[in-house]
Undergrad: 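Can you read through this structure? Questions will come right after.
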Amino acid sequence: MLTFVRGKNGDDTELISNLDPMRETKKIEIENLRLAYGGKEVIHGISFDVRANEIFGIIGPAQSGKTSLLRCINRTIEFTAGAKVQGMIKVDGQDVSRMKNVYELRRQVGMVAPLPVGLPLSIYDNVAFAPRAAGMRNKHHLDALVEKCLRQAALWDEVTDRLDSLGTRLSGGQQQRLTIARALSHQPEILCLDEFSIAIDPVTTMRIEDVLKELRKEMTIILVTNLVQQARRLADRTMFLWNGEIIELDSNEVMFSDNPRNRKTYEYVNGIFG
Amino acid sequence: MLAEPHRRVKRRPFELVSEKLIEALICVCGFSAIIFVFSIFFFVLREGAPFLSRLQMGEFLFSTEWFPTSQTQPKFGVGALVVGTLSVTILAMIIAVPFGLGAAVFVSEFCAGKAKETLKVVIELLAAIPSVVWGFIGLTVMSPIVINTFHVPIGINMFNGAILLALMSVPIMVSIGEDALKAVPDSYREAALALGATKWQLVYRVLLPAAKNGLLAAVLLGVGRAIGETMAVLMATGHSVRIPKTIFDPVRTLTATIAAELGETSKGSDHYQVLFLIGVLLFTITFVVNLSADLVIKGIRKK
Ligand SMILES: Nc1ncnc2c1ncn2[C@@H]1O[C@H](COP(=O)(O)OP(=O)(O)OP(=O)(O)O)[C@@H](O)[C@H]1O
Ligand SMILES: [Mg+2]
């Protein structure tokens, strides 16, 4: 989008883009993605881009394929026997299905699952797991990184004095934040959050949302959420997915306005159906 | 909200009684295990007990002189037999533990479909081979191999026995170890792999710690099998009373001694009673092994 703005002198005009050039680069490109579980297709050929350093919201009713979509991006879908992916997913212009080093891809993408899965390790080891797997050994660097991630996940203050105790002994909401810290620990370029706040109280949710707004400077964030208002608060653009198809993908101004391009979007956002 | 008036379902008295009955039955099953262990211990001890008063504990445990049938001066020192049992067991475990646990990891994590099923069937077959057949294999197959590869004079020795014991305990370790690994939830695997861990990192950083109790149980069952095994070691270790200097020396174990000599003793004789005391000693050794393993697990858990 181009805009003419008045120059300093008032009489001449300069041509500038009102969008930061960084924001225009495509971080993820998805073309005609199809996904089937054992022959039953659940994502029916969708195409969209995620721009670098944006918060990209995905909303949609249950079973619309949101989680499955995320799992395609970091290729964790491969753990499900019988899942078949067709089409193209590119991260930084590289086709993920052709990437030889899938571990590198997975470190590039931080993933927070809806139900927290604390590894049966101490809190510290949970967060240090990915950096260690990537070959980080230096104790000082690890300490600093663990602290930074736990702070970002709004968990540090609650666990400073028990970093050595089992991560699975934390409360549900704390475990969820632990998985957020863990997803940040490998300094991903893309952070995928799948309904991260279902087990977290509203106050902490707000704190994490603030962190996400900060993190956006460093990484691209995909936010899958059942809370339409959360997408509205945080996202730059939001995609409405329904039964494996994109109903609408627009900037938040359009999506959450009184007349989005698709009638269904309006109805879903305002709780009229779904 | 409820269209009909809510009716509470009443429990019939019969159900309550049967509930209590089942509870009692399960209780009996649980306690019977304890009763069996104690009564076995009691009966074995009772046969050997009269000799206890005449027995010098130090000599019994540490002397290596085992001449139970001497007319003039019988000697009952089981030191060499204890060393025989322990050395052959330890050597067997050095071979079997890495193999058993490695195979368990392989079957459970790196193997799928047909290959997995085939492997499991083969391993179960291995577990079903009677120990006398193993002894036979030790005598006729292993012995010449040992002689030819290591250029030692005698093929039936500690090494031969340990290999057989290892082969016998590996199948137990694999199947129990695989169960332990299978019990680790898949969500751990996904979470670790999603963090960019390789398969191998997943195994040694997540699965082994998560399954450590079950894996230790697998190892313990293997140890138990090795300590208690009789027929194969009787046939394949050389059955000679001495402290081994190398792993290619023949040894004799506690179990083999009981099996070989009990039939020749007259009931109630000193020799007879000492053999039962050896049984008590075996009991004690396995008990100590289990107990220390338990303590180790508790120690790990506290951390
Ligand atoms: N492992 C699986 N095996 C078979 N089918 C699956 C599997 N996972 C998901 N599905 C199917 O794929 C479809 C999309 O599921 P998905 O979990 O992606 O939905 P979702 O949008 O994340 O839903 P929710 O909001 O409830 O989390 C559903 O119909 C579901 O039944
Ligand atoms: Mg989901």
Side-chain angles (χ1 to χ4, degrees), chain A residues 67 70-71 73-81 99 101-122 124-136 149 164-169 175 178-179 181-188 190-192 194, chain B residues 101 104-120 176-219 296-303:
Chain A
T67 303
L70 293 187
R71 278 158 51 86
I73 296 174
N74 73 346
R75 281 176 55 184
T76 47
I77 194 78
E78 288 168 11
F79 306 146
T80 306
M99 280 190 191
N101 192 343
V102 65
Y103 314 111
E104 198 48 53
L105 169 70
R106 288 183 188 146
R107 278 196 278 272
Q108 216 174 328
V109 181
M111 187 70 78
V112 177
L115 293 175
V117 180
L119 292 172
L121 306 169
S122 72
Y124 184 98
D125 289 339
N126 256 288
V127 184
F129 182 87
R132 279 181 181 148
M136 193 171 182
C149 296
D164 291 335
S165 65
L166 267 181
T168 39
R169 298 239 174 92
Q175 284 195 44
L178 182 62
T179 62
R182 209 172 56 192
L184 293 171
S185 69
H186 39 103
Q187 293 159 306
I190 301 164
L191 178 65
C192 299
D194 193 352
Chain B
L101 296 188
V105 168
F106 179 74
V107 172
S108 140
E109 303 301 319
F110 293 87
C111 213
K114 267 254 165 64
K116 185 169 178 163
E117 291 312 309
T118 319
L119 255 178
K120 282 174 81 168
I176 306 285
E178 200 228 332
D179 284 345
L181 288 167
K182 211 162 46 185
V184 177
D186 274 342
S187 57
Y188 290 172
R189 294 183 176 81
E190 283 215 17
L193 292 175
L195 286 165
T198 61
K199 262 260 154 108
W200 173 235
Q201 287 169 333
L202 165 71
V203 167
Y204 80 87
R205 282 173 198 265
V206 178
L207 297 182
L208 294 186
K212 60 178 180 280
N213 288 1
L215 294 176
L216 199 74
V219 170
V296 167
I297 288 186
K298 287 222 178 78
I300 298 172
R301 239 189 242 148
K302 268 210 194 98
K303 250 176 66 182

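Per chain, numbering begins at 1; letters A, B, ... match sequence-line order. None of these values were measured; they are calculated from a predicted model.
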Undergrad: With rounding to the nearest 0.5 Å, note down the distance linking CZ in Arg189(B) to OG1 in Thr76(A).
TA: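 Going from CZ on Arg189(B) over to OG1 on Thr76(A), the span is 15.5 Å.
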Undergrad: If you take all heavy atoms of Gln201(B) and Ala133(A), which pair is closest and at what distance?
TA: NE2-O, 2.7 Å
Undergrad: Could you check which of Arg132(A), Glu104(A), Met111(A) has the highest count of heavy-atom pairs closer than 4.5 Å to chain B?
TA: Arg132(A)
Undergrad: So which part of Arg71(A) gets closer than 4.5 Å to some heavy atom of chain B, the side chain, the backbone, both or neither?
TA: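 Interface part for Arg71(A): side chain.
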Undergrad: Mind ranking Ala112(B), Pro209(B), Ala194(B) by heavy-atom pairs under 4.5 Å with chain A and telling me who comes out on top?
TA: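 With the most close heavy-atom pairs to chain A, the winner is Ala194(B).
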Undergrad: Considering non-hydrogen atoms only, spot the tightest contact between Val206(B) and Pro120(A) and give its length.
TA: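 Nearest heavy atoms, Val206(B) then Pro120(A): CG1-CD, 4.2 Å.
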Undergrad: NE2 of His186(A) to CG of Leu195(B): how many Å apart, nearest 0.5 Å?
TA: 4.5 Å
Undergrad: Distance check, rounded to the nearest 0.5 Å: Thr198(B) atom OG1 versus Arg106(A) atom CZ?
TA: 11.0 Å
Undergrad: Please name the pair of heavy atoms, one in Gly196(B) and one in Tyr103(A), separated by the smallest distance, quoted to 0.1 Å.
TA: O-CB, 3.5 Å
Undergrad: Among pairs that include at least one residue of residues 181-201 of chain B, which meet ring pair (Phe, Tyr, Trp, His ring centres under 6.0 Å), considering only residues two or more places apart or in two chains?
TA: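 Matches after skipping sequence neighbours: Trp200(B)-Tyr204(B).
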